[in-house]
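Some notes on the structure that comes next.
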Amino acid sequence: DSGVTQTPKHLITATGQRVTLRCSPRSGDLSVYWYQQSLDQGLQFLIQYYNGEERAKGNILERFSAQQFPDLHSELNLSSLELGDSALYFCASSATLWDTQYFGPGTRLTVL
Amino acid sequence: AQKITQTQPGMFVQEKEAVTLDCTYDTSDPSYGLFWYKQPSSGEMIFLIYQGSYDQQNATEGRYSLNFQKARKSANLVISASQLGDSAMYFCAMREQELNPSGQNFVFGPGTRLSVLP
């Protein structure tokens, strides 16, 4: 157990819908990262937050948004969902910008 | 240019034998870190081992060791005495001190799928 929690574990929804994925980092970690992993693909970096502020942005679609709250948990919002958004979404956390990232168990999103 | 290259998309190893998974990296940053992660079929990403660019000795964690050759910019993962449970996808990753244009300083390689044969 990495100490990073993600909810829900599985999510099945329809095209056009909106979902929210939630992540709680390890105790004491200030940085949160979101990644997308499509079937048999590598990890695509989406976005990073550090102590509540957006720090880095990767290949994140405009339909996706995220935030990190004062208690350091983070949410990833996916809207106007398309079939191609079906993937495993990971949250990771690290103590600082330069420490090891520890990953949550992931949320498997299926868009029908 | 790719920051992290893992040239072996898939590998097979016999149970109880050792296996080396290749990773080469590209950076001009003098201070960087190299990581290996394991992703079994269940999906979770498990941190295995870390090597800092200034570390004098190769990192080891149980059956995992990192063969760090700084001049060649390689950071190969060696798994000794392979077990069936080692069958998984393995990702090499690098953290640089400097941020890239998107503000990111952490990059993953494409991964190598290891299959351990009984």
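Bear in mind the structure is a predicted one, so any value in this text is a computation, not a measurement. Letters A, B, ... mirror the listed sequences (proteins, then strands); counts begin at 1.
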If you look at every heavy atom in B/Phe106 and A/Gln101, which pair is closest and at what distance? CG-NE2, 3.1 Å
Looking at the rings of A/Phe45 and B/Phe108, which for Trp means the six-membered one, are their centres under 6.0 Å apart? no
Give a yes or no on whether A/Tyr50 and A/Tyr33 share a hydrophobic cluster (residues Ile, Leu, Val, Met, Phe, Trp, Tyr; joining criterion: side-chain heavy atoms under 4.5 Å apart). no
In terms of heavy-atom contacts, does CZ of A/Arg108 have more than 12 from other residues, nucleotides or ligands at under 6.0 Å? no
Quick one: do B/Phe35 and A/Tyr102 end up in the same hydrophobic cluster if we chain Ile, Leu, Val, Met, Phe, Trp and Tyr together by side-chain heavy atoms under 4.5 Å apart? yes
Examine distances only and state if a side-chain atom of B/Asn105 and a backbone atom of A/Trp98 form a donor-acceptor pair shorter than 3.5 Å. no
Please report the shortest heavy-atom distance between B/Glu44 and A/Phe90, naming the atom on each side. CA-CE2, 4.3 Å
Indicate, with yes or no, if A/Tyr89 and A/Leu61 share a hydrophobic cluster defined by side-chain heavy-atom contacts under 4.5 Å among Ile, Leu, Val, Met, Phe, Trp and Tyr. yes
Out of curiosity, does A/Trp34 fall in the hydrophobic cluster containing A/Leu81 (side-chain heavy atoms, cut-off under 4.5 Å, transitive links)? yes
Path from B/Met11 to B/Phe91 over hydrophobic side-chain contacts below 4.5 Å: no
Heavy atoms of B/Met45 and A/Leu43 approach each other most closely as CE-CD1, 3.4 Å
Please classify the contact of B/Gln39 with chain A as side chain, backbone, both or neither, using a heavy-atom distance under 4.5 Å. side chain
Using only non-hydrogen atoms and a strict under-4.5 angstrom cutoff, which residues of residues 52-65 of chain B touch chain A? none
Within residues 63-72 of chain A, which positions have a heavy-atom distance to chain B below 4.5 Å? none
A/Phe103 and B/Tyr37 aromatic ring geometry - parallel, tilted or perpendicular at 30°/60° bounds: perpendicular
I'd like to verify something: which residue of B/Ser31, B/Gly109, B/Gly43, B/Ala93 has the highest number of heavy-atom pairs under 4.5 Å with chain A? B/Gly43
With only heavy atoms counted, which part of A/Thr100 is less than 4.5 Å from chain B, the side chain, the backbone, both or neither? both
For the candidates A/Glu54, A/Lys57, A/Gln48, which exhibits the highest count of non-hydrogen atom pairs separated by less than 4.5 Å from chain B? A/Lys57
